[in-house]
> 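First the structure, which I've put down as structure tokens, then a few questions once you've had a look.
When a residue number appears, it is its place in the shown sequence, counting from 1. Note that these values count all heavy atoms, side chains included, but never hydrogens, waters or copies made by symmetry. Keep in mind it's a predicted model, so treat the numbers as computed, not measured.
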Amino acid sequence: MYEYFNGKLVFKAPTHVVLDVNGIGYYIHISLNTFSLIKDQENCKLFISFQVREDSQTLFGFANEGERQLFEHLISVSGIGPNTGRMILSSITPEEIQSAIINGQVAVIQKIKGIGPKTAQRLILELQDKLKKQGPDALISPVASKQSVPEEALSALIMLGFVKNQAEKVLNTIINTEPDLSVEQLIKLALKRL
């Protein structure tokens, strides 16, 4: 529902902020990782995950899109709710979490408060393939600069669920034979070959 909020930080605490967006104050839960990234800022942009439960509607904010994406992966696992997801992101960095899941390091995940051995194993079992598919650069926020045609096509194919290495090979093959294609043409040809 919400992509991000951009506004003035009225209040900052390690667990939440109040962000004034055009005169409306939003109470947004954050991780310690996000707190460390925004604590010196007066104005900031937070990527939002809006969680609706039977008894509450809660906003969770993240300093970058990669952390939000990882949070949403975490809470998709049975037994891990938004507060536990935030606890995980507050305990170790998103990069360490991603690495631990991809490499099957149960012990690293088990050290996080509230995560037992069964939950750690379930987390790895359910997310390992998803995170491997996204590749090691999944947590790096996309740069605002203009992407080249092949880069843009690759990003689109990854977002559609294709494995990065496979998509790259297909795109390189197409570009070698037809270098002057538009992004749309390149994606259409790649989809036929994937």
> What distance separates S49 OG from E67 CD, expressed to the nearest 0.5 Å?
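Separation between the atoms: 11.0 Å.
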> Among residues at least two apart in sequence or on other chains, which ones pass side-chain hydrogen bond (donor to acceptor under 3.5 Å, both in side chains) with E168?
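Expected list: none.
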> Below 4.5 Å, heavy atoms only, C-beta onward: do L89 and P94 meet side chain to side chain?
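A side-chain contact under 4.5 Å exists here.
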> Can you find a heavy atom in the side chain of L70 that is under 4.5 Å from one in the side chain of F62?
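No, side chains not in contact.
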> Measure the shortest side-chain to side-chain distance between L191 and L157 over non-hydrogen atoms and say whether it is less than 4.5 angstrom.
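Answer yes - side chains close enough.
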> Please determine whether residues I102 and F71 belong to a single hydrophobic cluster, defined as Ile, Leu, Val, Met, Phe, Trp and Tyr linked transitively by side-chain heavy-atom distances below 4.5 Å.
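Yes, I102 and F71 fall within the same hydrophobic cluster.
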> Applying the 4.5 Å side-chain criterion to the ILVMFWY set and letting contacts propagate, would L154 and V163 be lumped into a single cluster?
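As far as the 4.5 Å side-chain criterion goes, V163 and L154 are not connected within one cluster.
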> Can you run down the ring-ring contact (aromatic ring centres under 6.0 Å, His included) pairs that involve residues 87-123, sequence neighbours left out, and say none if there aren't any?
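As it turns out, there is no ring-ring contact (aromatic ring centres under 6.0 Å, His included) pair with a partner in residues 87-123 once direct neighbours are skipped.
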> Quick one: list whatever passes side-chain contact (heavy atoms from CB on, under 4.5 Å) with L181, sequence neighbours left out.
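Expected list: I174, E178, Q185, L186, L189.
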> Are any of the side-chain heavy atoms of S31 and F60 separated by less than 4.5 Å?
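With C-beta onward as the side chain, the pair stays apart.
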> Tell me every residue that passes side-chain hydrogen bond (donor to acceptor under 3.5 Å, both in side chains) with T58, counting only those two or more places apart in sequence or in another chain.
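None.
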> Minimum heavy-atom separation for G61 and T34, please, with both atom names.
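Answer, listing the atom of G61 first, then T34: O-OG1, 3.9 Å.
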> Any chance you could measure L74, atom CG, to I88, atom CD1, to the nearest 0.5 Å?
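Atom-to-atom, L74:CG and I88:CD1 are 5.0 Å apart.
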> Tell me the side chain to side chain donor-acceptor pair (under 3.5 Å) pairs involving residues 108-126, sequence neighbours left out?
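Every pair satisfying side chain to side chain donor-acceptor pair (under 3.5 Å) with a residue in residues 108-126: there are none.
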> Taking it one step at a time, do I75 and Q51 satisfy side chain to side chain contact (heavy atoms under 4.5 Å, CB included)?
CA-CA 10 Å; I75 64 173; Q51 298 300 313; 3.3 Å; yes
> Sequence neighbours left out, what passes side-chain contact (heavy atoms from CB on, under 4.5 Å) with P150? Give chain and number order.
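P150: side-chain contact (heavy atoms from CB on, under 4.5 Å) contacts with S148, I175.
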> Could you note down all residue pairs passing side chain to side chain donor-acceptor pair (under 3.5 Å) where residues 74-87 supplies at least one of them, sequence neighbours left out?
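Output for this query lists H29-R86.
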> Is the shortest heavy-atom distance from the side chain of Q166 to the side chain of L194 under 4.5 Å?
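They are in side-chain contact.
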> Answer yes or no: are there more than 12 heavy-atom neighbours, outside N176 itself, under 6.0 Å from its atom CG?
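Count over threshold, so yes.
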> Would you say I92 and L37 are hydrophobically clustered, going by side-chain heavy atoms of ILVMFWY under 4.5 Å?
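In one cluster with I92: L37, no.
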> Cluster partners of V18, using ILVMFWY side-chain heavy atoms under 4.5 angstrom, listed by chain and number?
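Same cluster as V18: V10, F11, Y27.
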> Kindly state each residue pair satisfying salt bridge (Lys or Arg N to Asp or Glu O under 4.0 Å) with at least one member in residues 1-24, sequence neighbours excluded.
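Passing the test, one end in residues 1-24: E3-R68.
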> Mind checking whether L32 and I109 sit in one hydrophobic cluster, side chains of I, L, V, M, F, W, Y counted as touching below 4.5 Å?
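Per the 4.5 Å side-chain linkage, L32 and I109 are not co-clustered.
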> Counting only N and O atoms by type, is there a donor-acceptor contact under 3.5 Å from the side chain of E96 to the main-chain atoms of T93?
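Present.
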> Please report the shortest heavy-atom distance between L171 and A190, naming the atom on each side.
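Closest pair (atom of L171, atom of A190, distance): CD2-CB, 3.9 Å.
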> Going by the rule side-chain contact (heavy atoms from CB on, under 4.5 Å), which residues pair with N6 if we only count those two or more places apart in sequence or in a different chain?
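Expected list: Y4, K45.
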> Tell me whether M87 shares a hydrophobic cluster with I124, the cluster being built from Ile, Leu, Val, Met, Phe, Trp, Tyr side chains joined at under 4.5 Å.
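Same cluster: M87 reaches I124 through Ile, Leu, Val, Met, Phe, Trp or Tyr contacts under 4.5 Å.
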> Given a cutoff of under 4.5 Å between side-chain heavy atoms of I, L, V, M, F, W and Y, with clusters grown through shared members, what are the other residues clustered with I48?
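For the cluster that includes I48, the remaining residues are M1, Y2, F5, L9, V17, L19, V21, I24, Y26, I28, I30, F35, I38, L46, F50, V52, L59.
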> Go through the structure and list residues passing side-chain hydrogen bond (donor to acceptor under 3.5 Å, both in side chains) with S99, not counting sequence neighbours.
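By the side-chain hydrogen bond (donor to acceptor under 3.5 Å, both in side chains) rule, S99 matches N103.
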